[in-house]
Amino acid sequence: QVQLVESGGDSVQAGGSLRLSCAASGLTHSNYCMGWFRQAPGKEREGVAVIHSDTSISYADSVKGRFTISKDNTKNTLYLQMNNLKPDDTAMYYCATERWCWGTGSPPKAVTFSYWGQGTQVTVSS
C-alpha cells in the first residue's frame, strides 16, 4: 500500500526559502514517477516539478530557476527546495507518485497520478 506524507510547509516572506519533504512507503521499485503539485484556492491543481520514470525532470515554467526537485532513494524521500519564493507560490503543495510517467517538457497532468499525500501549506507574504 503506497503512502505519502508531506512536511515542511510554512509561512515565509517573499524572497525566502523552504524545503518540502515527502516520505514515501510501499513503493516496490526505485524508479517510480514522483512529483510535486500545488493547488491554490479556486484554481486547478498544477504540476510544479516531476522526476519521471527515466529520471528526467520537468518543471513548470513559473518555478524554473527557483525550485529544485530531488530524491533520496536510500530514505524513500522526495524533496522540493524552493528559493526566492513569491506570493504567487502560495498554495497547498502535494506529493504524488505513479508507477510510470514520461517527460514531455512540462510536468504530467495531475490525472496521471494515482497516489497522493495529504498536502502541506505554503504561504508567501509580500
Side-chain angles (χ1 to χ4, degrees):
Q1 180 177 349
V2 175
Q3 289 190 326
L4 303 172
V5 179
E6 304 96 332
S7 61
D10 205 344
S11 296
V12 297
Q13 297 273 3
S17 297
L18 285 174
R19 188 176 82 154
L20 306 183
S21 299
C22 172
S25 60
L27 302 184
T28 56
H29 296 81
S30 63
N31 64 340
Y32 269 65
C33 178
M34 296 191 74
W36 291 96
F37 289 74
R38 67 186 181 186
Q39 188 167 19
K43 295 188 176 181
E44 291 188 1
R45 191 168 297 190
E46 63 171 351
V48 175
V50 173
I51 301 178
H52 309 113
S53 300
D54 62 357
T55 73
S56 64
I57 292 174
S58 61
Y59 291 98
D61 288 343
S62 59
V63 307
K64 284 180 180 176
R66 301 188 298 122
F67 291 10
T68 303
I69 189 172
S70 62
K71 185 170 62 167
D72 186 336
N73 288 328
T74 65
K75 297 181 179 180
N76 289 327
T77 301
L78 183 73
Y79 301 100
L80 184 68
Q81 178 66 43
M82 304 187 294
N83 298 327
N84 190 21
L85 283 160
K86 303 176 180 181
D88 283 350
D89 296 319
T90 295
M92 185 71 79
Y93 282 71
Y94 297 91
C95 174
T97 190
E98 181 56 58
R99 182 63 186 94
W100 301 107
C101 79
W102 310 105
T104 60
S106 298
K109 294 188 183 300
V111 295
T112 302
F113 293 81
S114 300
Y115 305 101
W116 293 86
Q118 81 289 349
T120 187
Q121 178 68 37
V122 172
T123 302
V124 184
S125 57
S126 57

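Along the sequence shown, residues carry numbers from 1.
Each side chain to side chain donor-acceptor pair (under 3.5 Å) pair with one or both residues in residues 100-116, not counting sequence neighbours, appears once here: Glu98-Ser114.
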Check against side-chain contact (heavy atoms from CB on, under 4.5 Å), Ser53 and Tyr32 = CA-CA 6 Å; Ser53 300; Tyr32 269 65; over 6 Å; no
From CA spacing to verdict: side-chain contact (heavy atoms from CB on, under 4.5 Å), Ser17, Asn83 = CA-CA 4 Å; Ser17 297; Asn83 298 327; 3.0 Å; yes
Might you work through the side-chain contact (heavy atoms from CB on, under 4.5 Å) test for Arg66 and Met82, ending with a clear yes or no?
-> CA-CA 6 Å; Arg66 301 188 298 122; Met82 304 187 294; over 6 Å; no
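With values rounded to the nearest 0.5 angstrom, Ser7 atom OG is found 8.0 Å from Leu20 atom CG. The distance from the OG atom of Ser25 to the CD atom of Gln1 is 8.0 Å, given to the nearest 0.5 Å. Atoms SG and CG, on Cys95 and Leu78 in that order, are 5.0 Å from each other to the nearest 0.5 Å.
Using a 4.5 Å cut-off between side-chain heavy atoms of Ile, Leu, Val, Met, Phe, Trp and Tyr, with links allowed through other members, Tyr93 and Tyr79 fall into different hydrophobic clusters. Both Phe67 and Leu18 are part of a single hydrophobic cluster, where members link through side-chain heavy atoms under 4.5 Å apart. Hydrophobic clustering (side-chain heavy atoms under 4.5 Å, transitive across Ile, Leu, Val, Met, Phe, Trp, Tyr) groups Leu85 together with Leu80. Under a hydrophobic-cluster definition in which Ile, Leu, Val, Met, Phe, Trp and Tyr are linked whenever side-chain heavy atoms come within less than 4.5 Å, directly or via other members, Tyr94 and Leu27 are assigned to different clusters. In terms of hydrophobic clustering, with Ile, Leu, Val, Met, Phe, Trp and Tyr side chains grouped at heavy-atom distances under 4.5 Å, Val124 and Met92 are assigned to different clusters.
Scanning all heavy atoms of the two residues, the minimum distance from Ser21 to Thr77 falls at CB-CG2, 4.2 Å. Across all their heavy atoms, Ala60 and Pro107 have their closest contact at N-CG, 3.7 Å. Smallest separation of non-hydrogen atoms from Val50 and Cys101: CG1-SG, 4.0 Å. Considering all non-hydrogen atoms of both residues, Ser125 and Pro87 come closest at C-CG, 4.5 Å.
Listed by chain and residue number, Glu46, Asp89 satisfy the salt bridge (charged side-chain N to carboxylate O under 4.0 Å, His left out) test with Arg38 (two or more places apart in sequence, or in another chain). Annotation: side chain to side chain contact (heavy atoms under 4.5 Å, CB included) contacts of Asp88 (sequence neighbours excluded): none.
Proximity of a side-chain donor or acceptor of Tyr59 to a complementary backbone N or O of Ile69 within less than 3.5 Å is detected. Panel note: side chain Glu6, backbone Gly119; a donor-acceptor pair is recorded below 3.5 Å.
The aromatic rings of Phe37 and Phe113 stand perpendicular to each other, their planes meeting at an angle above 60°, with 30° marking the opposite boundary.
Screening Lys71, His52, Arg99 for a side chain to side chain donor-acceptor pair (under 3.5 Å) involving Asn31 leaves a single residue, Arg99.
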